[in-house]
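When reading the values below, keep in mind they use all heavy atoms of this one structure, side chains included, and skip hydrogens, waters and symmetry mates. The sequence lines fix the lettering, A, B, ..., with proteins before strands; numbering per chain opens at 1.
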There are 2 protein chains.
Amino acid sequence: MNRQALSREKVAGLLRQHGITPTHQRIEIAHALFERGEHLSADRILALVNARHAETSKATVYNTLKLFLKKKLIRELIIDPAKVVYDPNTAAHHHFYDVVTGKLTDVPADDIRVSGLPPLPKGTVAEGVDIIIRTRPQS
Amino acid sequence: MNRQALSREKVAGLLRQHGITPTHQRIEIAHALFERGEHLSADRILALVNARHAETSKATVYNTLKLFLKKKLIRELIIDPAKVVYDPNTAAHHHFYDVVTGKLTDVPADDIRVSGLPPLPKGTVAEGVDIIIRTRPQS
DNA sequence: GGGCTGAATTAGACGAAGTCCAGGGTTTGT
DNA sequence: ACAAACCCTGGACTTCGTCTAATTCAGCCC
């Protein structure tokens, strides 16, 4: 029952810890993301929070996701040209991406080492490294 | 003054080598990409080929880019959420991406080694690995 | 509790990227 | 030359995401 153990009170606390005023809509959106722990697109989140009860507008979903992003509560994954997805897992990790099915799988970053990187362009500082291993179903 | 190092005849040959019928429009599109060697978006290519002369439709630009992609003449880069860009450099390489300015810089893959990757999800085979180093201007 | 104020939310119009389609042109093989 | 196959086109359409002006809410002060 651990999965359903995520209460809305805890979500509200999480938001406060990150300096986010916990409104109803924000709590529902955060809950949808963190309860599942899955990669979700904006329109999927919109459908999920509205399926449950009440109404949350498209604008609020987008506003809220951007806010969460700025507060580093979630990550944004730009992998599928048609849709940005949001990742509630902010621990260092990378992704397998099946180019045929669209399925995304987390790859823990623990053991991954990248060597031989050239110096950064001058005047810039590193922000992060994303590694995407594209796969396809075995034929 | 033939300052164009890349003639349209050579482009046509390149297309033929890849099994692509070299039409007028395809030659212009390929020329735009390979003469510059830059990362270009579809709408930038549309503007470039039409600035030169004649008319090439948006549909043709998109069709042609997909065709080039399938024939592995170019690569598709999904990095900026707002716009897919096409990369005429098909040699193994990765990218620096400045999240503030949007500037993309090639990183030769020569010396890069990635270790510690877990096994692929079963039933899948690797298609390629993309590494994106996100940077921001030094403040 | 009642009221205040700035922050949050809303509906819906809008914008941009990309897709689709039916009609017409162009190539190619014979 | 003829047909078949392939290619291109304008423009309507879809989808994702943004913007705006008006309304509602959160939370603090009394």
Practice item. Please state how far atom CD in B:E55 lies from atom C1' in C:dG25, giving the value in whole angstrom units. Key: 16 Å

Exercise for review: Give the rounded distance in Å between these two atoms: CZ of A:R16 and P of D:dA26.
Suggested key: 12 Å

Review point. Do B:K58 and D:dG11 have a side chain to base donor-acceptor pair shorter than 3.5 Å?
Key: no

Exercise for review: Calculate the interatomic distance between B:K83 atom NZ and C:dA17 atom P; express it in whole Å.
Suggested key: 4 Å

Exercise for review: Could you grab the distance from atom OG1 of A:T105 to atom CG of A:D98, nearest 0.5 Å is fine?
Suggested key: 8.0 Å

Exercise for review: Would you check if the side chain of A:H31 reaches a backbone N or O of A:L6 as a donor-acceptor pair within less than 3.5 Å?
Suggested key: yes

Check your understanding: What's the CD-C1' distance between A:Q25 and D:dT24, to the nearest Å?
Key -> 10 Å

**Study point:** Selection from D:dA26, D:dT9, D:dC19 that lies nearest to any side-chain heavy atom of A:T21
**Key:** D:dA26

Review point. What integer distance in Å separates B:R26:CZ from C:dT26:P?
Key: 15 Å

Study note, to complete from the structure: A:I78 CD1 to D:dC16 C1', in whole Å, measures 14 Å

Practice item. Report the distance from atom CG of B:L46 to atom C1' of C:dA16, rounded to the nearest whole Å. Key: 13 Å

Exercise for review: Could you pick out which residue, A:K66 or A:H24, lies toward the 5' side of DNA chain D when each is mapped onto its nearest nucleotide?
Suggested key: A:K66

Point to revise | Nearest-0.5 Å distance, CG of residue A:L33 to OH of residue A:Y86 | key: 10.0 Å

Check your understanding: B:V84 or A:V61: which one's nearest nucleotide on DNA chain C is closer to the 5' end?
Key -> A:V61

Study note, to complete from the structure: Separation of C:dC14 atom C1' from A:Y62 atom OH, nearest Å, is 14 Å

Practice item. Side chain of A:A42 only, please: which of C:dC20, C:dA8, D:dG17 is the nearest? Key: D:dG17

Check your understanding: Between B:N63 and A:T23, which is nearer to the 5' end of DNA chain C once each is assigned its nearest nucleotide?
Key -> A:T23

Exercise for review: Look at the side chain of B:R26 and the backbone N and O of B:T21, then say whether any donor-acceptor pair between them is shorter than 3.5 Å.
Suggested key: yes

Check your understanding: Would you say D:dC8 has OP1 or OP2 under 4.0 Å from some side-chain N or O of B:T60?
Key -> no

Exercise for review: Measure the spacing between CG of B:L46 and CG of B:L40 and express it to the nearest 0.5 Å.
Suggested key: 12.0 Å

Review point. With a 4.0 Å cut-off on heavy atoms, is A:S41 in touch with a base, just the backbone sugar-phosphate, or nothing at all?
Key: nothing

